[in-house]
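See below for the structure under consideration.
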Amino acid sequence: MDIALKQLLIEDGFKKKGNFLYRQGSSDGFQDMLGINFSKYNIGRAVSPTVFIYNSILDCLYLKLSATKKRPGYPGMCPLGFNIGFLFPSHNYFDWYYTSFQEIPEICNTIFNDIRKYAYPFFKKYQNFEKIIEVYENNTRGFGIDINNRFYTQPLLYSAIGEHDKGIEVIKKIKDSGYIELENQKTYYNNYIKYAIEQKRSTNI
């Protein structure tokens, strides 16, 4: 199943990189990204694709401000990422199950067609900083936005469009809520504040 499904996606323009599949998106560092997850149960196996919006600009900035190196097997800075089922009309987590190898060709085609039907429009719509920011500001259901996203990602999104004051406001609000406890969180907070202030100064010169 793994090889057959990924081969269909590779033939449709994706490239395999580690555990994920990438496809070049628009400019501004965006890429379409898919993770194909497999689980084994007593009754059979399950497949659950995850859709991601990856951005290389945010990823590089995050690694710099957090003073960390990219972890193997980690997708990097993805401001959006969740199970494809949240794009379906049912708007819930979804798995495909199969119990025999004979089912694989049909299920592969079904998953591939659903990825094209639901994930491709999602990729096209959200390769845009402003559209992603709307998801964060509106707390769109099913898009998997949690406090970690708001602390690490939302400030970078604002800075990407030059709204550094909003980035500072968001990260300070989370700090004041008592979220910051670990040293790496403190490092990221201090480095982001410094970065945002420097960017504001440079644009005002």
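Along the sequence shown, the residues carry numbers beginning at 1. Computed from a predicted model, the values in this text were never measured in an experiment.
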Short question: side chain of Asn92, backbone of Ser90 - any donor-acceptor pair under 3.5 Å? yes
Ser159 and Gln199: side chain to side chain contact (heavy atoms under 4.5 Å, CB included), yes or no, with the steps? CA-CA 8 Å; Ser159 286; Gln199 292 299 305; over 6 Å; no
Determine the minimum heavy-atom distance between Met33 and Pro75, stating which atoms define it. CE-CB, 3.1 Å
What is the distance from atom CZ of Phe143 to atom CG of Leu87, rounded to the nearest 0.5 Å? 6.0 Å
Connected via hydrophobic side-chain network under 4.5 Å: Ile193 and Leu182: no
Can you tell me how far the CD1 atom of Ile132 sits from the OH atom of Tyr126, to the nearest 0.5 Å? 9.0 Å
Scanning both residues in full, the closest heavy-atom pair of Ala4 with Cys108 reads CB-SG, 3.7 Å
Residues that Arg45 engages under salt bridge (charged side-chain N to carboxylate O under 4.0 Å, His left out), provided they are two or more places apart: none
Say you draw a straight line from CD1 of Ile147 to CD of Gln154; how long is it, rounded to the nearest 0.5 Å? 11.0 Å
Identify the two heavy atoms, one from Ala160 and one from Leu58, that lie closest to each other, and give their separation to 0.1 Å. CB-CD2, 4.3 Å
Working to the nearest 0.5 angstrom, can you tell me the gap between Ile111 CD1 and Leu9 CG? 9.5 Å
Stepwise, does the side chain to side chain contact (heavy atoms under 4.5 Å, CB included) test hold for Asp59 with Asn55? CA-CA 6 Å; Asp59 197 20; Asn55 188 273; over 6 Å; no
Please report whether the ring centroid of Phe94 lies less than 6.0 Å from that of Tyr118. no
Could you go through the side chain to side chain contact (heavy atoms under 4.5 Å, CB included) check for Asp32 and Phe14 one step at a time? CA-CA 9 Å; Asp32 307 334; Phe14 281 85; 4.1 Å; yes
Glu11 CD: over 12 foreign heavy atoms closer than 6.0 Å: yes
Evaluate the ring planes of Tyr188 and Tyr152, with Trp represented by its six-membered ring, and classify them as parallel (under 30°), tilted (30 to 60°) or perpendicular (over 60°). tilted
Under a 3.5 Å distance rule, please check whether Asn149 uses its side chain to pair with a backbone N or O of Asp146 as donor and acceptor. yes
Using side-chain heavy atoms (C-beta onward) and a distance below 4.5 Å, is Pro79 in contact with Phe129? no
Heavy-atom side-chain proximity of Arg150 to Asn139 below 4.5 angstrom: yes
Hey, what's the ring geometry for Trp96 with Phe88, parallel, tilted or perpendicular (30° and 60° as the breaks)? perpendicular
Please tell me whether Ile168 and Ile161 are part of a single hydrophobic cluster in this structure, the criterion being side-chain heavy atoms less than 4.5 Å apart. yes
Can you tell me if NZ on Lys16 sees more than 12 non-hydrogen neighbours from other groups inside 6.0 Å? yes
Whether Phe151 and Tyr179 hold their rings parallel, tilted or perpendicular, with breakpoints at 30° and 60°: tilted
Heavy-atom distance under 4.5 Å between the side chains of Tyr62 and Thr153, does that happen here? no
Is the Tyr22 ring parallel, tilted or perpendicular to the Tyr54 ring (thresholds 30°, 60°)? perpendicular
Nearest-0.5 Å distance, CG of residue Leu21 to CG of residue Leu8: 11.0 Å
Under a 4.5 Å cut-off applied to non-hydrogen side-chain atoms, are Gln31 and Gln24 in contact? yes
Using 30° and 60° as the class limits, which term best fits the ring planes of Tyr192 and Tyr195: parallel, tilted or perpendicular? tilted
Is the shortest side-chain heavy-atom distance between Tyr136 and Ile133 below 4.5 Å? no
Test of ring centre spacing under 6.0 Å for Phe30 and Phe123: no
Contact check, side chains of Phe52 and Leu34, non-hydrogen atoms, under 4.5 Å: no
Salt bridge (charged side-chain N to carboxylate O under 4.0 Å, His left out) partners of Lys186, counting only residues at least two apart: Glu183
I'd like to check Val47 versus Asp95 (side-chain heavy atoms, cut-off strictly below 4.5 Å). Are they in contact? no
To check you understand the geometry: which heavy-atom pair defines the closest contact between Ile84 and Ala119, and what is its length? CD1-CB, 4.2 Å
Beyond-backbone contact of Thr140 with Ile145, side-chain heavy atoms, under 4.5 angstrom: no
Say whether Met77 and Ile57 are linked into one hydrophobic cluster, either directly or through other cluster members, by side-chain heavy-atom distances under 4.5 angstrom. no
Any chance you could measure Thr187, atom OG1, to Leu65, atom CG, to the nearest 0.5 Å? 11.0 Å
